[in-house]
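See below for the structure under consideration.
Within every chain, numbering begins at 1; the chains are lettered A, B, ... in the order of the sequence lines, protein sequences first and strands thereafter.
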Amino acid sequence: MTVRVRFAPSPTGYLHIGNARTGLYNWLMARAEGGVFILRSDDTDQERGRDEYYDDIIDGLRWLGLDWDEGIEVGGPHAPYKQSQRLDRYREVVTALVEAGAAYRCFCTPAELEERRQVAQQEGRPPGYDGRCRAIAPADSASRAGGGEAASIRFAIPRPGETVFDDVVRGEVRFEHANVDDFVILRSSGVPTYHLASSVDDVDFGITHVVRGEDLLSSTPKHILLGGAIADALGVTSDITYAHLSLLMGPDGKKLSKRHGDTSLRAYREGGYLPEAMVNYLALLGWSPGGDETVVSRAEMVKRFDIDDVLKNPAIFDVEKLEWMNGVYIRDLGADEFVSRTLPLVEADAGRALDDAEQAAYATIAPLVQERTKLLTEVPAQVRFLFVDEVGYDESAWDKVMTKPEARPSLEGALEQLEAVSAWDHATIETALRSMLDELGIKVGKGLQPIRVAVTGSSVSPPLFESLAVLGRDRALARLHTAAGLL
RNA sequence: GGCCCCGUCGUCUAGCGGCCUAGGACGCCGCCCUCUCAAGGCGGUAACGCCGGUUCAAAUCCGGUCGGGGCUACCA
């Protein structure tokens, strides 16, 4: 049987990196098994759901390169894949469930439920629903409903009983039904809850494996029982295997949240991370290709991924390692690719489009910048000196470098040598400057810094000779003049 | 509180009863290279939470304990 997995986020927030990892594992499993990856939108929460979030989820998955075979936007045999468009189907299934005696109307009001919950908690009893409306005779229930009394529909958990299942990553997990309450499947508003919509869809869509976060582990007996009842009521079969992924934690070991920094995938995308690096890093949080490899291509992952190998212990999201890995992927980019991915950032920083000559200048210096960047967003600052009329001096760089005794002789010597030089390329510049410093008895490391600050405004820059070459003679000399005049 | 899950260097992990004086990667420290910063090379730091048990032998199996996490809604 072909594997059919689904990723079913709720559009109640920007795509979270933990969720992105869940999506990735689903995708990896589908691709590794030659299965089908389905993207569904679990948007039954009308209060919190927003189109902006829905779009963000799609953008995020596409950015990561996690293509789906069926689902929202792309359609498929079970369309629509948006739960908010399947409301009638859910009500129909609920009706069948009530008729089959698997679910019942609950006339308790929210206020009553809240009050009883408080009391139960104080008395040390389970706070879940006590099941009192389950005792109402079907005929009475129907007539009360017919009389217009508001009711929600609850699923009748078989009692007594126990649900035992074999979770792919956790092994055998068991829940006594005494600890599972009769949960609401249809709100009194007529809108289904997540549990119902998700279970109906999993049956309707022929899902074979549910791979999701551990936060849903304790809801699993509900889903197994509900799913079974749905399949029975509908006269179909459904056999779903569950795999619960551990959660992503923050540096303090608590569930990853806002206070740990950025948790939305978009923040990383905007922060200069490459999707390839993100995918590689996320995949390794809870899974290993075995052996000593850390940098693993997407194709290699697909080849080696096995949901059975996924680790059950939670992983802490470590931005530093992600950053290192991003650097690895950036260095691995082709020169042209690096330029095309960063040019927009450089232009945005400059506040204008670069003309052809400037683009050529950028392309020349880019490989040297590429070697020393971990985040695409760091690039503009490194080449800004090429695209501004006047460099702004970094205050601490100036104080540190320009107050040294070698600053004046170095700048003046450079001016003298570079004005006389016959060609303007980095080799010529290098020869001229090195011999100048040699004659003055100034160490290269010391002597080049004032020139660097004069030309780039910073004590940190791409290699100096190349920088000077790309800057052009006129601008280079002008900057040396300006700086020398400020000493 | 109740139910459930988890436990190898600071972090991600390899390990699936003897190959382990526990391997790799990030980080950190030192050295080398070097025009700055990176990158790179070399070396170093650092872990099987604890207690019992099973076994000739345990990081690997079992129990307990401690610690961490999740759930406990007419949210998902």
Side-chain angles (χ1 to χ4, degrees), chain A residues 8-10 12-13 42-45 47-49 106 108-110 113-114 117 121-122 124-129 150-154 167 169-171 173-176 178-181 183-189 191-195 197-198 213-221 244 246-247 249 251 253-255 281 284-295 311-325 327-328 331 368-374 382 397 401 430 433-434 437 443-449 451-453 456 458-465 467:
Chain A
S10 283
T12 53
D42 280 14
D43 56 350
T44 51
D45 186 342
E47 306 278 294
R48 299 188 300 156
C106 172
C108 300
T109 67
L113 292 171
E114 179 56 32
R117 186 166 23 248
Q121 221 144 17
Q122 277 170 15
R125 287 181 289 116
Y129 181 63
S152 62
I153 307 292
R154 289 180 183 273
D167 189 283
V169 344
R170 313 220 161 236
V173 182
R174 46 202 326 145
F175 288 88
E176 298 256 5
N179 295 311
V180 184
D181 67 343
F183 57 103
V184 171
I185 57 177
L186 190 72
R187 300 175 173 96
S188 48
S189 65
V191 176
T193 60
Y194 157 76
H195 298 298
S198 179
E214 193 195 346
D215 50 340
L216 261 0
L217 184 59
S218 36
S219 294
T220 304
H244 286 91
S246 60
L247 268 16
M249 302 296 178
K254 306 276 189 211
K255 188 176 177 178
Y281 180 69
L284 261 39
L285 248 30
W287 175 74
S288 155
D292 293 339
E293 286 152 279
T294 304
V295 179
L311 266 6
K312 46 185 158 195
N313 45 309
I316 290 173
F317 185 80
D318 178 11
V319 195
E320 295 206 3
K321 188 159 184 176
L322 204 211
E323 218 176 283
W324 163 80
M325 190 169 279
V328 170
R331 272 173 257 127
L368 297 172
V369 175
Q370 182 177 0
E371 286 175 40
R372 56 207 83 216
T373 102
K374 283 185 173 169
Q382 295 188 65
V401 175
E430 174 162 10
L433 293 182
R434 281 186 188 278
L437 291 173
K443 282 190 175 164
V444 177
K446 292 276 186 190
L448 255 25
Q449 281 305 78
I451 301 174
R452 188 188 309 280
V453 173
T456 70
S458 168
S459 58
V460 177
S461 81
L464 187 57
F465 309 125
S467 295

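- Rounded to a whole Å, the CD atom of Glu176(A) is 10 Å from the C1' atom of C3(B).
- Of all heavy-atom pairs spanning Ser219(A) and His195(A), the tightest one is OG-CE1, 3.8 Å.
- Nucleotides A46(B) and G24(B), compared at atom C1', are 14 Å apart to the nearest Å.
- In this structure, Cys106(A) SG and Ile153(A) CD1 are separated by 9.0 Å, a value rounded to the nearest 0.5 Å.
- Checking U55(B) for Watson-Crick or G-U wobble geometry (two distances, each under 3.5 Å) identifies no partner in any strand.
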Could you run down nucleotides 63-76 of chain B 5' to 3' and tag each one B, S or - for protein heavy-atom contact under 4.0 Å? -----SBSSSSBBB
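- Remark: P of G15(B) and CG of Asp292(A) are 10 Å apart, rounded to the nearest angstrom.
- The nucleotide U60(B) finds no pairing partner, because no Watson-Crick or G-U wobble arrangement with both distances shorter than 3.5 Å includes it.
- In this structure, U11(B) and A25(B) make a Watson-Crick or G-U wobble pair, each of the two defining distances being under 3.5 angstrom.
- Nucleotides U72(B) and U60(B) place their C1' atoms 35 Å apart, quoted to the nearest Å.
- Taking atom P in both G30(B) and A22(B), the straight-line distance is 25 Å, to the nearest Å.
- The CG atom of Leu464(A) sits 7.5 Å away from the OG1 atom of Thr456(A) when rounded to the nearest 0.5 Å.
- Across every non-hydrogen atom of Ile316(A) and Pro251(A), the tightest pair is CG2-CA, 3.8 Å.
- Atom CD in Glu323(A) sits roughly 16 Å away from atom C1' in C12(B) (whole-Å rounding).
- The separation of U8(B) from C62(B), taken at their P atoms, amounts to 16 Å, rounded to a whole angstrom.
- Contacts of Gly213(A) with the nucleic acid, taken as non-hydrogen atoms under 4.0 Å apart, are absent.
- For the pair Asn313(A) and U8(B), the criterion of a side-chain N or O lying under 4.0 Å from OP1 or OP2 is met.
- Which of U8(B), U11(B), C4(B) sits closest to the side chain of Ile316(A) comes down to U11(B).
- Across the strands present, G30(B) finds its partner in C42(B); the criterion is a Watson-Crick or G-U wobble pair with both atom distances under 3.5 angstrom.
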In 5'-to-3' order, the base (B), backbone-only (S) or no-contact (-) status of each nucleotide in nucleotides 26-40 of chain B, using a 4.0 angstrom heavy-atom cut-off, is SS-------BBBBSS
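- Looking only at side-chain heavy atoms (C-beta outward), Val169(A) and Glu214(A) stay at 4.5 Å or farther from each other.
- For C71(B), the paired base is G2(B) (Watson-Crick or G-U wobble, both distances below 3.5 Å).
- Nucleotides C19(B) and G7(B), compared at atom P, are 22 Å apart to the nearest Å.
- Of the inter-residue distances, the one linking Leu284(A) atom CG with Leu322(A) atom CG reads 11.0 Å to the nearest 0.5 angstrom.
- The P atoms of G68(B) and G43(B) are separated by 39 Å, rounded to the nearest whole Å.
- Of all the heavy atoms in Gly213(A) and His244(A), the pair that sits closest is O-CD2, 3.3 Å.
- Whole-Å rounding puts the Lys312(A) NZ to U13(B) P distance at 14 Å.
- Evaluation of the side-chain hydrogen bond (donor to acceptor under 3.5 Å, both in side chains) rule for Glu430(A) yields Arg434(A) as partners, not counting sequence neighbours.
- For the C1' atom pair drawn from U55(B) and G49(B), the interatomic distance equals 23 Å after rounding to whole Å.
- Between Ser246(A) and Leu311(A), the shortest heavy-atom contact is OG-O, 4.3 Å.
- A 3.5 Å limit on both hydrogen-bonding distances identifies no Watson-Crick or G-U partner for C19(B).
- The heavy-atom pair separating Thr44(A) from Pro192(A) by the smallest distance is CB-O, 3.7 Å.
- Comparing the P positions of A58(B) and U54(B) gives a spacing of 11 Å, expressed to the nearest Å.
- Nearest heavy-atom pair, Phe465(A) versus Leu433(A), reported as atom, atom and distance to 0.1 Å: CE2-CD1, 3.9 Å.
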